[in-house]
Amino acid sequence: GRLRKGLVVTEVALALVLLVSTALLVQGFARIRLADLGFDRTDVLTFQTLLPEAQYPDSALVNDFYLRLKDRLASIPGVESVGGANALPLQGYSATYYVLGGQDFEDMSQRSITGYKYVFPGYFETLDIPVLRGRAVLETDDAGSIPVTVINQTMAQRHWPDSDPVGQQLVLFSGSYEVIGVVADTKDAGAAEPDLATIFMPFLQREERFMDWAVEASVPLSTLVEPVRAAVGALDSSIPAYDVVTMDDLIEMSLGGDLIMARIMSALAVIALILALGGVYGVMAYSVTQRTREMGIRLSLGAQRGNVMSMVIRQGTLLSLLGIGLGILVGLGVTRGLARFLFGVSPFDPLTFGSVSVVLFLAGMAATFFPARRATKVDPVVALRVE
């Protein structure tokens with residue numbers, strides 16, 4: 001009897017730990033998919049272009065091609081805004097050393113690290129990234145103007161939490177840059193990663209041949225695929241527009257590993273739920289069935305069927321509660337170790353623990369009630385003969 005009770009309590013406890021852990025992981029991966037990335041992803045078509053050096057040997061030719069292409073794209077019916085960068089959000093970023101104006105760049109102790117990107121005019125407007133202070137990058141920020149940069153909010157908070165960073169100087173390997181604006185943070189390193197300090201330098205002040213384009217539109221994005229390809233081909237038939245996908249699809253590909261893991265964990269959660277409920281039901285039902293002889297004796301001595309059922313259900317309920325209590329204690333320790341894998345979900349989420357506990361409690365009640373009802377309906381003489 002003690003062994004059977006011990007098995008029931010252990011089964012319920014292990015099932016609770018398994019289901020809680022799986023449920024938390026699934027919630028974490030799901031929240032990565034739904035996380036606020038800091039920009040609008042719903043109405044943007046993206047594609048890529050690369051200008052070969054043989055045909056476009058200098059920055060003047062490169063910039064002229066891209067400015068003319070931007071005008072052509074903007075003239076397509078339904079297009080509201082066009083921008084680009086050497087890498088769109090979640091598509092990678094580079095890092096560099098820098099110092100503030102007035103500091104010695106050669107002094108390693110004064111250097112800090114920041115992420116950086118080269119952005120084309122219209123980048124922030126197309127992705128609806130708010131400009132919090134100053135201005136965004138313009139077409140006039142070209143090779144003939146002073147070097148400038150836009151910084152994100154994390155960068156501004158790092159150095160100028162109580163003052164206006166616009167007009168300040170940042171010194172990089174390539175020289176000194178004047179801060180002209182501050183924009184909101186975007187999740188360039190991943191939805192589950194903290195915001196990175198990032199600077200955005202004008203594409204037109206560099207010789208960049210690769211461009212990640214973003215086209216915001218008020219029409220179905222599928223209707224823009226051919227017009228976009230045609231706009232690129234009209235300027236140079238040897239230059240293709242490749243990887244033409246919506247921003248949503250691009251993000252899905254960027255989060256591919258997380259999303260695949262979420263699907264795997266969801267499938268495992270269903271399997272775990274079936275196995276856990278089946279296991280709890282089976283162990284408890286077996287425990288009740290083993291008491292058929294006992295119930296036969298009680299009935300033959302005059303006990304009422306309802307009283308016998310109530311006794312068995314009370315005892316089964318107690319075992320379920322003991323198992324749930326033990327499972328919660330063990331689960332709190334296990335889920336603490338999962339904290340680094342949970343995005344936006346507390347490892348001690350009371351709703352998850354409570355929901356799983358209720359499900360297992362109901363499974364335990366069912367596993368006690370139905371076998372007990374069958375056993376009490378058996379003729380006491382027959383029940384007494386059960387081995």
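Hydrogens, waters and symmetry mates play no part in the numbers below; they use all other heavy atoms, side chains included. Bear in mind the structure is a predicted one, so any value in this text is a computation, not a measurement.
Within the model, atoms CG of Leu73 and CZ of Arg68 stand 12.5 Å from one another, a figure rounded to the nearest 0.5 Å. Note that CE of Met247 and CD of Glu216 are 10.0 Å apart. Values are rounded to the nearest 0.5 Å.
No side-chain heavy atom of Gln157 sits under 4.5 Å from any side-chain heavy atom of Thr154. Contact of the Thr140 side chain with the Ser145 side chain is not registered, since no non-hydrogen atoms from C-beta on lie closer than 4.5 Å. Taking the side chain as every heavy atom from C-beta outward, Pro165 and His159 never approach each other to under 4.5 Å.
Of the possible donor and acceptor atoms, none in the side chain of Ser59 sits under 3.5 Å from a partner among the backbone N and O of Glu207. A donor-acceptor distance shorter than 3.5 angstrom exists from the side chain of Asp141 to the backbone of Leu138, with no hydrogens or angles considered. Not one N or O on the side chain of Ser176 forms a donor-acceptor pair closer than 3.5 Å with the backbone of Val171. A distance-only check finds a donor-acceptor pair linking the side chain of Thr198 to the backbone of Leu196 [under 3.5 Å].
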For Tyr177 and Tyr98, run ring-ring contact (aromatic ring centres under 6.0 Å, His included): C-alpha distance rounded to whole Å, both residues' side-chain angles, the deciding distance at 0.1 Å, then the answer. CA-CA 10 Å; Tyr177 293 79; Tyr98 74 95; over 10 Å; no
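With sequence neighbours excluded, no residue forms a ring-ring contact (aromatic ring centres under 6.0 Å, His included) with Phe361. For Thr352, the side chain to side chain donor-acceptor pair (under 3.5 Å) partners are Gln27, Asp349, not counting sequence neighbours.
Aromatic rings from Phe105 and Tyr97 are positioned such that their centres are separated by 6.0 Å or more. Taking the six-membered ring for Trp, Tyr123 and Phe203 have ring centres at least 6.0 Å apart.
Annotation for Val12 and Gly323: closest pair CG1-C, 3.7 Å, computed over non-hydrogen atoms. For Glu125 against Ala136, the heavy-atom pair with the smallest separation is OE2-CB, 3.7 Å.
No salt bridge links Asp212 with Lys117; every basic N to acidic carboxylate O contact stays at or beyond 4.0 Å.
Ring orientation note: the planes of Phe120 and Tyr66 are nearly perpendicular, at an angle over 60° on the 30°/60° scale.
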